[in-house]
Amino acid sequence: MPYTAEISRSNPTSIIFLVDQSTSMSDPIGGEVPQQKADVVADAINRLLTELSIKCAKEEGVRDYFHVAVIGYGASVGSAFAGALAGRDIVPLSEVADNPARVDERSKKVSDGAGGLVETAVSFPLWMDPLAHGGTPMNRALQYAESLVAGWTERYPASFPPIVINLTDGESTDGDPTAAAEAITSHATADGAALLFNLHVSASGGTPTAFPDTADGLPDSYARTLFAMSSPLPSHMRSYAASQGQRVSETTRGFVYNADITTVVQFLDIGTRATELR
């Protein structure tokens with residue numbers, strides 16, 4: 001049965017984020033509090049990196065169950081890490097945990113123990129900054145990811161396969177991305193083919209759709225293209241999605257259309273769920 005490999009320090013897996021940094025990412029995203037798409041995506045990835053570091057922390061430090069890349073595409077294509085990791089592609093999680101670009105102080109509402117809420121300051125590590133400039137060279141970004149996936153599957157042939165998560169708000173400006181997406185999922189380990197998931201926040205509107213079974217109801221050909229590019233969710237991710245209130249079936253794909261802030265966070269959480277850690 002595919003996608004069941006245990007993940008260990010000697011047999012880790014890789015998560016590769018592709019982040020649209022085109023000019024249109026400065027537009028607002030849906031939700032109760034208007035925020036720029038670029039800010040929401042950067043916050044969601046920074047928070048996820050913090051949570052992964054905590055999840056993998058043991059007495060001796062953070063274990064390298066995951067190796068992570070954050071690739072931005074807009075005016076250029078390449079590593080979106082800032083600070084000491086700038087220019088690096090795939091980085092072991094322990095190095096990520098030890099090298100945030102900076103730590104901001106944010107306010108957070110917590111229980112006061114008497115049924116109310118109080119605001120308190122919390123530390124918020126940042127590895128990438130929001131950026132919105134240039135076109136949407138998705139083809140180049142997918143080709144960049146494909147080179148990382150190819151190298152990874154060659155080095156770790158028995159591992160849980162790499163997971164590529166593409167977050168975009170627009171159509172590719174450098175051609176049809178289908179072939180580049182197929183090239184990514186053509187690479188495989190003994191546990192299965194590399195996974196590609198897509199989150200599409202479209203400027204053309206339309207009904208939000210999360211983890212669909214078919215392209216029916218998607219509003220345009222580009223949304224249907226991204227759906228077709230997306231891998232079916234492995235069984236353990238389907239189970240987790242169902243526990244989070246999503247309707248899933250054996251044909252559910254890792255695709256979300258017109259997400260709000262909450263759905264972006266949930267998509268990343270479900271999309272990065274690997275199998276058991278050891």
Side-chain angles (χ1 to χ4, degrees), residues 1-7 13-18 29-31 41 44 48 51-52 55 66 138 142 145 149 153 159-169 176-202 204-277:
M1 181 181 295
Y3 304 114
T4 57
E6 287 189 331
I7 297 173
T13 191
S14 178
I15 300 173
I16 300 168
F17 298 102
L18 298 182
I29 194 172
V41 169
L48 182 66
E51 291 174 353
L52 281 179
K55 180 180 180 182
F66 300 96
M138 191 184 300
L142 291 168
V149 167
T153 52
S159 73
F160 188 95
I163 303 168
V164 179
I165 300 180
N166 180 35
L167 303 105
T168 180
D169 80 326
D176 187 338
T178 301
E182 290 175 349
I184 289 175
T185 55
S186 70
H187 296 283
T189 68
D191 195 42
L195 296 165
L196 173 62
F197 302 139
N198 289 279
L199 182 144
H200 184 204
V201 183
S202 172
S204 61
T207 304
T209 303
F211 303 104
D213 298 331
T214 73
D216 295 347
L218 295 176
D220 56 46
S221 60
Y222 199 73
R224 291 190 285 277
T225 294
L226 288 178
F227 168 83
M229 287 164 45
S230 302
S231 302
L233 285 183
S235 61
H236 67 282
M237 291 186 189
R238 291 201 305 272
S239 297
Y240 183 65
S243 74
Q244 300 301 301
Q246 298 293 338
R247 296 181 63 181
V248 296
S249 74
E250 291 189 356
T251 57
T252 292
R253 296 199 180 208
F255 174 74
V256 167
Y257 178 80
N258 262 3
D260 58 14
I261 297 170
T262 301
T263 308
V264 171
V265 174
Q266 188 182 50
F267 173 77
L268 289 177
D269 191 28
I270 292 172
T272 55
R273 285 273 156 173
T275 188
E276 294 300 315
L277 305 179

To the nearest 0.5 Å, tell me how far [X] [atom1] sits from [Y] [atom2].
| X | Y | atom1 | atom2 | result |
| --- | --- | --- | --- | --- |
| L195 | I16 | CG | CD1 | 11.0 Å |
| T272 | M237 | OG1 | CE | 7.5 Å |
| R253 | L226 | CZ | CG | 12.0 Å |
| D216 | R224 | CG | CZ | 9.0 Å |
| L48 | F17 | CG | CZ | 4.5 Å |
| I165 | L196 | CD1 | CG | 9.5 Å |

Flag the pair [X] / [Y] as yes when at least one side-chain heavy-atom distance between them is below 4.5 Å, and no otherwise.
| X | Y | result |
| --- | --- | --- |
| M138 | T168 | yes |
| T207 | N258 | no |
| S235 | Y3 | no |
| P219 | Y257 | yes |
| F227 | H200 | no |

Which atom pair, heavy atoms only, marks the closest approach of [X] to [Y]?
| X | Y | answer |
| --- | --- | --- |
| A274 | I7 | CB-CD1, 3.1 Å |
| V149 | A194 | CG1-CB, 3.8 Å |
| V248 | A241 | CG1-CB, 3.9 Å |
| T209 | P212 | CG2-CB, 3.7 Å |
| G192 | P2 | CA-CB, 4.5 Å |

Go through Q246 and Q266 one step at a time and tell me if the side chain to side chain contact (heavy atoms under 4.5 Å, CB included) criterion holds. CA-CA 10 Å; Q246 298 293 338; Q266 188 182 50; 2.7 Å; yes
Once side chain to side chain donor-acceptor pair (under 3.5 Å) is applied, do any residues pair with S230, and if so which ones, sequence neighbours excluded?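 With sequence neighbours excluded, S230 shows a side chain to side chain donor-acceptor pair (under 3.5 Å) to N198, given in chain and number order.
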Among residues at least two apart in sequence or on other chains, which ones pass side chain to side chain donor-acceptor pair (under 3.5 Å) with T178?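 T178: side chain to side chain donor-acceptor pair (under 3.5 Å) contacts with D176.
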For the side chain of [X] and the backbone of [Y], is there at least one donor-acceptor N/O pair under 3.5 Å apart?
| X | Y | value |
| --- | --- | --- |
| D191 | P161 | no |
| T189 | S159 | yes |
| T262 | D260 | no |

Would you say the rings of H236 and F160 are close, in the sense that their centroids are separated by under 6.0 Å?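 Ring centres of H236 and F160 closer than 6.0 Å.
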With side chain to side chain contact (heavy atoms under 4.5 Å, CB included) as the criterion, how do L218 and F255 come out once you've worked through the C-alpha distance, each side chain's angles and the decisive distance to 0.1 Å? CA-CA 11 Å; L218 295 176; F255 174 74; 3.8 Å; yes
Look at the rings of F267 and F197 and say which category their plane angle falls in: under 30° parallel, 30 to 60° tilted, over 60° perpendicular. perpendicular
Please report the C-alpha distance between L167 and L268 in whole Å, then the side-chain angles of each, then the deciding distance to 0.1 Å, and finally whether the side chain to side chain contact (heavy atoms under 4.5 Å, CB included) criterion is met. CA-CA 10 Å; L167 303 105; L268 289 177; 4.0 Å; yes
Residue from L142, T185, I184 passing side chain to side chain contact (heavy atoms under 4.5 Å, CB included) with M229: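 The option that passes is L142.
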Salt bridge or not for D269 and R273, using N-O below 4.0 Å?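 Looking at D269 and R273, the cut-off is met.
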